[in-house]
Each structure stands twice: as C-alpha cells, then as structure tokens.
Amino acid sequence: MSEGNILLKVENVGKQFEGNRVLKDVNFTLKKGEILGLVGENGAGKSTLMKILFGMNVIQETGGYEGNIYLDGEKINFKSPLEALNSGIGMVHQEFSLIPGFTAAENILLNVEKTKPNVISKIFGKRLETIDEKEMKKSAQIAIETLGVDIDPDTLISEMPVGHKQFIEIAREIDREKVKLLVLDEPTAVLTESEAEILLKAMRKLADSGVSIIFISHRLNEIISICDKLVVLRDGVVIVERPTKGVEIRQIAEWMVGRSVEGEKSVHIKNEEDFDDKDIILEVKNLWVDMPGETVRDVNFKVRRGEIFGIGGLAGQGKLGIPNGIMGLFPSGGEVTFNDKNLALNNTYNALKSGLAFVSEDRRGVGLLLDEPIDMNIAFNAMQVHDKFIKKLLGGLIKWCDNKAIKECAEKYIKELDIKCTSEKQKARQLSGGNQQKVCLAKAFALEPTLLFVSEPTRGIDVGAKKLVLDALRRYNEENNTTIIMVSSELEELRSICDRIAIVSEGKVAGILSAKASVTDFGLLMSGIDKLEEEGESNEQN
Amino acid sequence: MKLKSDSLKRFLIDSAVPILFIVISVIAIPLSKFTGLYLVREIVTRLTRDTFLVLSLLLPVMAGMGINFGMVLGAMAGQIGLIFVTDWGIRDVLGLVIAMIISTPIAILLGYFSGGVLNRAKGREMITSMMLGLFISGIYQFFLLYLCGSIIPIKNPKLLLSRGYGIRNAINLDTAGAFDKLLRVKIGGVPVSFGTILIIVAICIFTSWFRKTKLGQDMRAVGQDMGVADSAGIKVEKTRIQSIIISTVLACYGQIIYLQNIGTINTYNGADQAALFAAAALLVGGATVSRATIANAIVGTGLFHLMFIVMPMAGKNLTGSAMLGEYFRMFVSYGVVTIALVLHAWKRQKDKEMDRAQFRVDVKTSK
Ligand SMILES: Nc1ncnc2c1ncn2[C@@H]1O[C@H](COP(=O)(O)OP(=O)(O)OP(=O)(O)O)[C@@H](O)[C@H]1O
Ligand SMILES: [Mg+2]
C-alpha cells in the first residue's frame, strides 16, 4: 500500500458533546477512487464523524474534536464547510439543503453559477455578471445525466418528489470541479430501490474516475454490493475496518449491534375472521392525485376497521401519492369516505381534525421542532389538534400544559421505540437521524388517531431497530384498535406486518392480496403482467 | 382543463388585493363625479411622480427582508441633496443631477448602516427598519435645524429660519419640474412627461436585469433560505446589506423625482410618509412581503392613487362631509399596510402550524 495512494487518513479522532462521548479513537484510511461503506446503529456517531470531516459549525460550537485528519497527506482542520468545499470535499447531508423556490439547475449551480460578463460588471466586479441561463441548464443537465436519472433542470425543487431532490443534491456536489472526496450521508434512505440502484451505478462511475466516496447507509446489501471497504462503528468506536469482499450481511449486522441478530418474525398477522367486512373505516373511490413522479390516476379500495393495510408497488407507480393526496399535501380529487362521512380533500387541517394522522416518507421535511426538546415534539400536535396534555381550571378559562403527563408519555415512547437520547429533555436537533425518525412516529402515536398513515416507516432505521419499529406499529394497532395504512417499497416489510396489501401499478390498484399470498403473486401484480384480470377482480372487491 | 382552471384560481388568489381595490374604485368613481379626462390626467401625473419610489422597495423583498421602511433614510438623503442645490442656486436638470450626486454617498452610508442594523434583527426587519427610520429622522432634524446655517454654511437666507440658522419648514425648489418638462407631450389633453417616464423605464430595466445577475441570484437565494445560501458560501450578511444600500439609493433618487414634481419640500415631515405610501401602493398592487414584481409596483401605484383621488370626493358626495372622505383616505392607506402585514403574519403562522402538523411546508409562496 503506497502512501501516495491514500487520500484520507483519520487518526485517533474523538468527540464529545457536553460530556457525552460519541466518538472515541476512530482510525481509518481511504484510498483514491475507493468507496468506503460506513455503517453503525442509529446514534453510533456516523453523521458526527462526517460533520467533523466537513468542518460543520456545530462541531466548533461544541468544543471541537480530538485527533488528526489528513487529506492528501496534509493535516486539515476546517473552520467552516466552505473551507472543506474549497479543499475538494463535497457532502450530501442527512437533511436537505436545497432552496425550494429555485429550479433544479439553480440549486445544482448555487453560488457557482455560470455567468457572462457585461459592461457594468467590468466596472463593478464579477458579482454583477449576468447569469447565463442556457449554460446553467446545460451544465445542470450534464450533472444530472452523470447520475443516470432523467430530471428536467427547470423543475422547481418544491414540486419534486423526495427522491428527485436527493439526486439534485448529489448532482450539486459532483458538479464542483475539483471534488476529490464525496461524503454521502444516507443518500439512499429516501430513494426507492430502483432509484437507489441508479445512484449506486453513478457512484461506481465516479469512483472509477478517481473520486473517493464515503457512503453511509442502513441498507447493508447496498454496502456489500458497492463498497470496496467497510468501517463499522459501534457506540463511537471502530469495530471493524476491512475490505467488503467476502463479508455477509448478517456478519455486518452482528458487528453493528454487538450480538447476533435473529431474523425471526414475531409480529403476528391477524386472522381473516377477526375482521368484519361490513365495518369499513375508509373507502376511497376514483381517487386521483397530482403528485409529481407519483401520480395517482384512479384508485379504489376499502379499509376495514382495525386492520393494517399495506400499499406496495414499484417506484413512481403512485403508491406514495395515495396518502399524500388524502392528507391534502398534493392536489387531489375523487371520493373519500372516512367513518361514514365524506372527507373533504385538499384540506390538511381538516384531515388531522377528523382523526387521521400521517408520518411522511419525506422524513427530512417532516418538520420536527428542532430546537424543542423531545417531549414537546411528541406532545405538541396532540396539544394543538386535540387539546391533549392540557389541564383546565375554572371550566377551561385557564389552561396550562400538563408537564407530568407529557413527560410520562415521552418516557413511554422513548422506551418503546428505544430512542437513543440523554433524556426526554434533549433537543430534537441533537438526535441522530434515525432517532429523529422515531420521534416522528411517537408524535403520530401521541395524536391517538383513528387512522394512521405511515409512509416508509423504517427508512433510516438501522437493522436492529427495524423490527422494533414494526413491532411498535403492530402493538399500537392491537392495543388501540387503530387502523393503520402503511406504504412501503419493501415488500418483505409489508408482508411481515400487514393484514392485506394493495399493489399499486400505473396509478391504479393492480390488486389486493392477503399478506399470506406468495411472493410470486405479488411479483406478478407489480410487474403488471396480470393486470387485466386483476383489475377485474379488484373491481369486484370494491 | 384542470390545469387551466387551477392556474386561473391561483391568479385570482394572487391578485385578490388589486381586484378588491378595482371593485371599490369602480363603485367610487361614479360617486365622485370626476370626469374621465381629469382622472386620467391625475393618474398619469401621480404615476410618473411615485412609481420610482415604489420600485425602490423591490430588491429588499427579493432578499427576504420584507418591506424596507428604512427607505425613508434614502428619502432624507435626497432632500438634503435638494436643499444644497437650492442653496447653491443650481437650476433645472443640472440641479437635480447634482442633487443626486451629492445625496448618493449619504444614501450609501445610511443604507450600509441600516443594512448592518437589520442583520442583527433577522426575521424582524420590517419593524426594525421602521424604528430605524424614526431614529434617523431625529438626527436628520437635528442636522437641518441646528447645524445648517450655523456650522454648515447656507448662504441663501430664503432657506433659513428667521433666527438665522436652521432650514425653513417649506422650501420652493428652483429645480421644480425639471425632469417633467423634458419631452413633455400632450396626448389627448393629458400632459405626459416622457423625460421622467424614461427614467422610470430605465429603473425597471435595471431591476429586471439585476435579478438576472449573480448578485441578484444571491439575493434571491438568501431571501429563500439563509442557511442553505450560507453553506453554499454566499456571503449572506454582505448580500443583505447590498440590497438595502441599493434600495436606499434608489429611494433617494425616487424622492428627488417625487419632489421635483411637487415643487416644494416639506422639510420636516415629507420623508416620513414616503415609505408608508410606497409600501401601501406596492401591497395594493398585489405584492406580499415575500414576493413583489415590477408589475405589482406599477399597478399598485396607479390603483392606490386612483383610490386616493376618488375616495374623498365620493365620500363627500355621499355623506355631504368632506372630513369623512379625508378620514376614509387615511384609513385606507394605513389600513392596507396593516391588513397586508396581518395577513402575512397569519399566513406565516398557518405555515408554521402546517409544519408542526409535521408536513413539509409546500405552500407555494413564490411563482
Ligand atoms: N449537536 C449535538 N449535541 C449533542 N449531542 C449530539 C449532537 N449531535 C449528535 N449528538 C449525539 O451524538 C450521537 C451520534 O449521533 P449521529 O448523528 O452521529 O448518529 P448516526 O450514526 O449518524 O445515526 P443515524 O443512523 O441515526 O443517522 C447521538 O447520540 C446524538 O444524540
Ligand atoms: Mg446520521
């Protein structure tokens, strides 16, 4: 191993937040053109390590870090992300950093816009050069194409599905000319499997052109298929650093959690007899939703009270559009009957008020109150929408928060969902990505909805905790008789918890099957082969 | 079909305020018994007089700083420039140009200061800029009342108070109408000052060109999301200061154009209302504190003044009391600003609620 080939060397790096140690003696190296997979449980310290590398302000503000980092043999200690950018490090964060009102092209070229000089700029300086829209578009197009996706550079970010946003962010990083090291913090968490595949291919291409990549993901199969090298973090300590060759998923999972992970499914599926086909809680007729990239054309289905109803299907077929449309996040039409009452569409507040709740797949836009503690985050919606956790005096004249009840509720969910935190008073901002996702779920639970939509609930959750989250959903369903509609791109996940599963294809329900149906049956529905017959069948069902 | 009705709906929602004002005017015009010719003449005069001032508000809105009530600082700078050229006896267009040249550095300085203050009050720019206007107007008055004629030489006694120092309350300008007289043409009985209009067209071209420059793009980025702009390496604070400086300088020129049309300076309380009226006009034109276009500015100025002209008369004819009409006029202009601000606060609140309802805020504010 020649020294000259090494791009990044991390030496004895450690970090603590106010006495809470999250990284200890971290060592690893990365060669040029290599892809390094960084894995670890939620809260293991992956994002923190990357933030150190990228010179993020939080690190400085919380007292800096210990140890040394060398880039190209030179010791670095960035004071700001800008310095990191200038040294050729690009980073895609777990949270989006795009400007919603700008187009894809404007975002990709943010602050590196293509400009043309003009008379005035010659006198007053470069900042008055005119933006060259044509060149911008061309350049953005090239960056997008490098990734192997097809997105119009003129689309506004606010009108894009979350997967496309992710691609735009990555396109922005690779568009910089001298990028040597690309850090991708869970880029695939918001992507569907097919989108993720496209991204992996693009990463390989980049690596082949000499860019080194650090890739964080909870989807271990991705790590195995793409990475040259693997680093496993557990509680802030490097457990393993080795080539990925010959490593198995189960093995990685064990390194991550430090015990053997059983693959058994404990969640049980209810029997058909438990349901009353007459007791329909939600009926959807001729629903259309105009959600870019996930258009719903004509969807019909009925959900029985108390069941867990799954919605699956390939990316872009419209499964995500269904909850987003019913909850009023995208323009929609059709007829939705909830609890025998007609539900007005395109009205989010009304939907919440009628007892619906939604955990969005766009977990980076889910709107936690980042500067509020965990307990407030969990209780806030319930307080606002349903007057829960509020004590009243003098017949409601004086109201105040029932802090004790809030605390108890928060503690309960912290325990149930195993949210890794110092206490229920820790600010949401200080939680790791996966743990923020868990808080979102707890928040929806605390609303005590009659019907809960969850979209991709286990995204960003580590292997060990996935089952925990699914178990919590099932338990919640059983204890409160809450009907749950779960949208997921992972069929296995749906099959392990749902009672019935609808497969959406081309904006329509291709068929609804019992979770006990065979994988092949589902596969056929997804591929659309059996569509004609199935469509007839599903119409009968309705 | 669906798309068409959707975009029509959006257009109607976006233009709700101007439409409301058009409706009110349509009802009030016949009541006022003004002739069409009179109205057209008045509107044309006022459009040429005020549009520039209103346009000066556009850039800070783009940079996410809301309505720059600090533009009164620019107006004050413009007035100081005019006072000096009047003292030196420079007339006509030359006088106005020199007034602009003198006041530009003052406006830049004030804009820089104002931008710096606003950077410390992120999220509260509008109220801060309003306070700042009041504060600076104190200094402005001190400067004119006590320093001019004592420390700063003023030779023209007509400008000074009888006590020997301090500028008079009202000053007649030698430069009155200088821009307006350029290329003045009568079209169907309506005098149109193409000289001033050309200046306004130039500033419109400047503004739309500016939006397409790198600096303009940076301002839009900063206005939309300071955090993202910052992490992309855009100098957020500097950009914000620049937008305020440009706005202040433009307001300074705007005030000069305004005053040459009026012909006299109301030394001590002329500038205060400039910002309020300009803001009201912009909002009447359908702008919001987060989005404003050239069209908003022009349409708004026209409508606001139409209202201003017909309302008192309509009120008088309706109630027989001139007071009531006057009262209503004031009520409308202050009311517009208040309502627009309240609406904006309400919308922000709603957005936040939606946020809290844990959904992404995809409320389409721009475009
Ligand atoms: N600003 C902060 N202040 C205090 N503690 C913090 C802060 N940022 C992160 N932490 C803590 O550091 C630990 C590691 O967090 P980190 O975000 O690095 O986890 P992660 O490995 O990226 O997890 P995930 O897979 O969930 O994204 C967590 O326990 C978190 O609570
Ligand atoms: Mg993380």
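Because the structure is predicted, anything quoted here is derived from the model rather than measured. A note on names: the letters A, B, ... follow the listed sequences, proteins ahead of strands, and every chain is numbered from 1.
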What are the two closest heavy atoms between [X] and [Y], and how far apart are they?
X         : Y         : value
Ala221(B) : Leu110(A) : CB-CD1, 3.9 Å
Thr130(A) : Trp209(B) : CG2-NE1, 3.5 Å
Gln217(B) : Ile131(A) : CB-CD1, 3.8 Å

- chain B heavy atoms under 4.5 Å from Asn118(A): which part of the residue, side chain, backbone, both or neither? side chain
- Just by modelled atom types, is the Gly101(A) backbone N or O under 3.5 Å from a matching donor or acceptor in the Gln224(B) side chain?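 Yes; at least one donor-acceptor contact below 3.5 Å.
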- Query: Is the backbone of Ile99(A) close enough, under 3.5 Å, to the side chain of Asp225(B) for a donor and an acceptor to pair up by distance?
  - Reply: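 Here the side-chain-to-backbone pair does not exist.
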- Interatomic distance, Thr213(B) atom OG1 to Leu128(A) atom CG [nearest 0.5 angstrom]: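 Separation between the atoms: 5.5 Å.
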- Item | Spatial distance of atom OG (Ser80(A)) from atom CG (Asp230(B)) [nearest 0.5 Å] |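 So the OG of Ser80(A) and the CG of Asp230(B) are separated by 8.5 Å.
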- Should the pair Glu113(A)-Lys214(B) be classified as a salt bridge under the 4.0 Å nitrogen-to-oxygen rule? yes
- Item | Ion pair check, Lys212(B) and Glu133(A), cut-off under 4.0 Å |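 Looking at Glu133(A) together with Lys212(B), the answer is no, because their closest N to O distance does not fall below 4.0 Å.
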- Message: If you count every heavy atom of other residues, nucleotides or ligands that lies below 6.0 Å from Lys126(A) atom NZ, does the total exceed 12?
- Response: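 No, NZ of Lys126(A) has 12 or fewer neighbouring heavy atoms, counting only those of other groups under 6.0 Å.
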- If you draw a 6.0 Å radius around CZ in Phe124(A), do more than 12 non-hydrogen atoms from other residues or ligands fall strictly inside? no
- Relative to chain B, which of Leu98(A), Asn57(A), Thr115(A) shows the most heavy atom pairs under 4.5 Å?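 Heavy-atom pairs under 4.5 Å are most numerous for Leu98(A).
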